[in-house]
2 protein chains.
Amino acid sequence: MAASRRPTLADVAREVGVSAKTVSRVLNEDGPVSARTREHVLAAVAELGFQPNLMARNIRVGGPDTTIGLVIPDLANPFFGAVARGIEDTVRDRGLTLLMGSSADDAERERALTAQFLARRVSILIVVPSVGADHSDLKSHRTAGLPVVFLDRPGVGMSTDSVVSSNRAGAQEGVAHLIAHGHRRIGFVGDLPVKLYTRRERLAGYRAALREADIPYDRSLVVSAHDQQGAEAVTAQLLERPDPPTALFAGNNIMALGIVAELARSKRKHVAVVAFDDVSLAEALEPALTVVAQAPEEIGRSAATTALARLDGDRSRARTITVPTRLVVRGSGEQRVREGGR
Amino acid sequence: MAASRRPTLADVAREVGVSAKTVSRVLNEDGPVSARTREHVLAAVAELGFQPNLMARNIRVGGPDTTIGLVIPDLANPFFGAVARGIEDTVRDRGLTLLMGSSADDAERERALTAQFLARRVSILIVVPSVGADHSDLKSHRTAGLPVVFLDRPGVGMSTDSVVSSNRAGAQEGVAHLIAHGHRRIGFVGDLPVKLYTRRERLAGYRAALREADIPYDRSLVVSAHDQQGAEAVTAQLLERPDPPTALFAGNNIMALGIVAELARSKRKHVAVVAFDDVSLAEALEPALTVVAQAPEEIGRSAATTALARLDGDRSRARTITVPTRLVVRGSGEQRVREGGR
DNA sequence: TTGAAAGCGCTAACAT
DNA sequence: ATGTTAGCGCTTTCAA
């Protein structure tokens with residue numbers, strides 16, 4: 001039951017009666033090896049259950065490791081899950097494996113993760129930057145040839161490739177949709193912290209839509225929450241005011257869940273809703289939820305493709321890729337302005 | 001712009017005018033170092049932007065790498081996202097980082113991923129086994145001290161710790177709920193392939209509930225699909241038959257999405273539904289969706305805890321941990337048996 | 001076609 | 001308090 005030492009190249013070599021280098025040659029299909037020794041080596045490898053130590057190999061070869069470091073806020077958020085899948089699908093052909101960690105949107109945890117990934121000599125670093133994180137320390141690595149891509153939000157302290165959604169335009173389109181259906185008092189339920197890039201951009205889109213329609217901006221209609229429960233609470237508060245909004249705009253998928261849950265709970269079907277980011281079952285709700293859909297997998301693929309191009313020597317200027325959003329009209333944005341019930 | 005070589009321990013040592021070992025001592029807070037040299041070393045480290053090579057360190061130290069390998073079917077499935085979060089939360093304190101890959105439920109991809117993880121000398125291996133995968137090759141690693149835990153489904157070809165939901169009992173409880181509300185023709189919409197452990201167990205629970213109520217098993221009421229779209233299609237077909245079921249049981253979260261979407265599309269509100277696994281917005285649907293809720297984060301935590309215990313020397317017999325499900329009654333299971341509309 | 005020696009970046013074990 | 005030597009498991013280089 002004792003933890004017996006894992007077999008090494010040398011063990012296999014000894015077993016067969018050849019040099020370590022010969023075994024190495026067989027395994028890497030490097031130089032020429034006679035068919036006979038090849039057989040023997042392979043047999044010994046199978047028998048001993050030898051598995052080459054990738055770290056040792058990497059040390060010697062010197063290049064970056066065949067891993068890609070990915071820092072996202074939350075593994076359990078479906079948006080980032082889809083992003084991760086897009087990335088994995090794109091890099092798999094290149095033999096890269098995903099090293100992942102969630103930052104919980106905490107700058108310190110993000111820093112610890114990136115440091116760890118750098119120490120592991122990842123081939124690529126893809127980061128969803130937390131509020132307050134500074135990325136100046138990544139600069140030198142980028143100059144040294146490490147592709148760094150910021151995702152969902154631009155980074156701070158260095159200029160590098162970023163992939164973001166068309167947050168402002170998308171939000172503006174979503175809010176305009178509400179306005180087109182007669183709404184003039186539109187609540188904005190955003191996530192926290194308020195300095196979050198996506199929140200600011202989407203709020204800017206909201207304000208632009210109001211401006212476009214000559215609707216004065218009412219600060220009191222903008223509320224915030226950390227999670228779904230929080231969103232439910234602020235939604236309830238907003239609607240219980242003497243002058244409640246007739247429509248709500250959700251700043252992200254989690255806020256959307258909160259709004260929808262609260263409206264269902266309180267049976268306020270007459271409140272119009274448009275959400276930024278799609279959620280599952282949106283079309284099965286009553287009314288079906290109109291959303292400004294993002295393309296999370298495409299965002300992931302795009303980030304990965306950009307990084308791979310850098311890895312292949314692309315030295316062009318840092319780009320910001322904007323992945324377009326799409327207004328998916330399903331009904332919830334067209335609720336009547338006046339009158340309750342259906 | 002050329003990729004300048006990353007600085008090494010030796011570079012730092014040369015810069016300060018000390019030996020490599022001294023630098024190592026400072027960084028690992030090993031043996032005694034004078035405050036002065038400490039300062040100097042730290043300064044040089046910062047200036048050169050030195051980041052110790054974790055792989056080199058690991059090679060020398062010989063122990064397993066501080067990574068945990070995780071193979072799941074799909075990164076974008078919220079169930080597995082939550083599982084992953086549970087795992088990460090549990091192992092973070094121990095300084096372990098997640099190495100993840102999705103198998104797409106393909107035995108060959110699963111094998112390639114585990115091989116890669118083993119080659120990286122992960123500290124722990126957690127796998128959601130694909131249908132048709134054989135895990136005999138992991139046996140020797142487990143004996144050699146590598147904690148291997150199967151998650152969501154038991155493995156094949158070796159006995160080791162597994163963490164699963166109470167699939168059979170949960171499904172039985174869910175179907176019994178439908179029967180209690182007068183349903184006798186209950187459709188089962190399951191995922192594929194049919195040999196999938198969770199599907200078989202849940203189907204067994206479905207049959208047990210029928211048996212308990214003396215309802216004959218009608219094979220034609222059991223249908224299958226690969227994804228949400230497929231589930232929508234088979235749901236539609238099932239309900240368009242001359243003798244349609246009055247209730248449906250969803251075999252997993254994806255099937256649930258398909259059923260709910262199809263019922264909403266075709267406005268068949270009178271069909272009762274209970275789903276295995278919870279989905280977001282379940283409570284906002286009309287009727288709200290009754291589910292047999294799993295505890296994905298708990299499953300992840302449980303798997304991680306078990307693995308860590310093994311890492312700490314626990315040599316007791318392999319366990320199968322069953323994480324209980326919970327019937328969450330929300331309404332959709334109580335639809336009337338006869339009569340359409342509300 | 002094969003092997004011996006050196007070395008990747010780091011640390012364990014022993015000096016000093 | 002610091003340095004030296006050797007070696008982790010592998011590959012590169014050069015020689016046979």
Side-chain angles (χ1 to χ4, degrees), chain A residues 3-42 44-45 48-66 115-116 118-122 141 144, chain B residues 3-42 44-45 48-66 115-116 118-122 141 144:
Chain A
S4 62
R5 200 177 51 81
R6 289 280 221 346
T8 74
L9 246 197
D11 294 328
V12 178
R14 197 173 314 113
E15 177 85 6
V16 184
V18 295
S19 80
K21 177 62 211 183
T22 300
V23 178
S24 168
R25 274 199 265 261
V26 172
L27 267 52
N28 298 306
E29 305 191 327
D30 201 9
V33 184
S34 85
R36 257 181 57 86
T37 42
R38 215 187 116 75
E39 299 286 307
H40 290 166
V41 168
L42 259 27
V45 164
L48 297 182
F50 169 75
Q51 208 122 17
N53 186 323
L54 226 56
M55 292 189 288
R57 173 174 215 288
N58 248 279
I59 275 293
R60 182 62 250 236
V61 175
D65 189 15
T66 58
Q116 154 112 206
L118 290 172
R120 289 184 181 284
R121 303 298 189 259
V122 292
H141 292 95
Chain B
S4 62
R5 200 176 52 79
R6 290 280 226 337
T8 74
L9 248 197
D11 293 329
V12 178
R14 197 174 314 114
E15 178 85 6
V16 184
V18 296
S19 80
K21 178 66 210 184
T22 301
V23 179
S24 169
R25 274 200 263 262
V26 172
L27 267 53
N28 298 305
E29 304 191 327
D30 199 11
V33 183
S34 87
R36 256 182 57 85
T37 41
R38 216 187 114 76
E39 298 286 308
H40 290 167
V41 168
L42 259 27
V45 164
L48 296 182
F50 168 75
Q51 209 121 18
N53 187 324
L54 227 55
M55 293 188 287
R57 173 174 214 287
N58 249 279
I59 276 294
R60 179 64 250 234
V61 174
D65 190 15
T66 59
Q116 154 112 207
L118 290 172
R120 291 186 178 284
R121 303 297 188 261
V122 292
H141 292 94

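The sequence lines fix the lettering, A, B, ..., with proteins before strands; numbering per chain opens at 1.
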Provide, to the nearest angstrom, the distance between the [atom1] atom belonging to [X] and the [atom2] atom belonging to [N].
X      : N      : atom1 : atom2 : result
A/R121 : C/dC8  : CZ    : P     : 15 Å
A/D65  : D/dT11 : CG    : C1'   : 16 Å
B/L54  : C/dG9  : CG    : C1'   : 12 Å
A/N53  : C/dG9  : CG    : P     : 17 Å
A/R25  : D/dG9  : CZ    : P     : 21 Å
A/D30  : D/dT11 : CG    : C1'   : 9 Å
A/E39  : C/dT1  : CD    : C1'   : 16 Å
B/N58  : D/dC8  : CG    : P     : 15 Å

message: For B/A20 and B/P32, find the nucleotide of DNA chain D closest to each by heavy atoms; which residue's nucleotide sits nearer the 5' end?
response: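 On the 5' side of the pair lies B/P32.
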
query: If you pin B/V18 and A/A10 to their nearest nucleotides in DNA chain D, which one's is more 5'?
result: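 This one resolves to B/V18.
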
Indicate yes or no: at least one non-hydrogen side-chain atom of [X] is less than 4.5 angstrom from one of [Y].
X     : Y      : value
B/R6  : A/L118 : yes
B/R57 : B/N28  : yes
A/E15 : A/V23  : no
A/V26 : A/L42  : yes

Selected nucleotide, minimal atom distance to [X] side chain, candidates [options]:
X     : options                : result
A/R60 : D/dC8, C/dG3, D/dT12   : D/dT12
B/I59 : C/dT1, D/dC10, D/dC8   : D/dC8
B/T8  : D/dA1, C/dG9, C/dG3    : C/dG9
A/R57 : D/dT12, D/dT11, C/dC10 : D/dT11
A/S24 : D/dT11, C/dT1, C/dC10  : D/dT11
A/T37 : D/dT2, C/dT11, C/dT2   : C/dT2
A/L9  : C/dT2, D/dT11, C/dG9   : D/dT11
B/K21 : D/dT13, C/dC10, C/dA13 : C/dA13
A/T22 : D/dC10, C/dG3, C/dT11  : C/dG3

Residues B/K21, B/D30; criterion side chain to side chain contact (heavy atoms under 4.5 Å, CB included); working and verdict: CA-CA 10 Å; B/K21 178 66 210 184; B/D30 199 11; 3.9 Å; yes

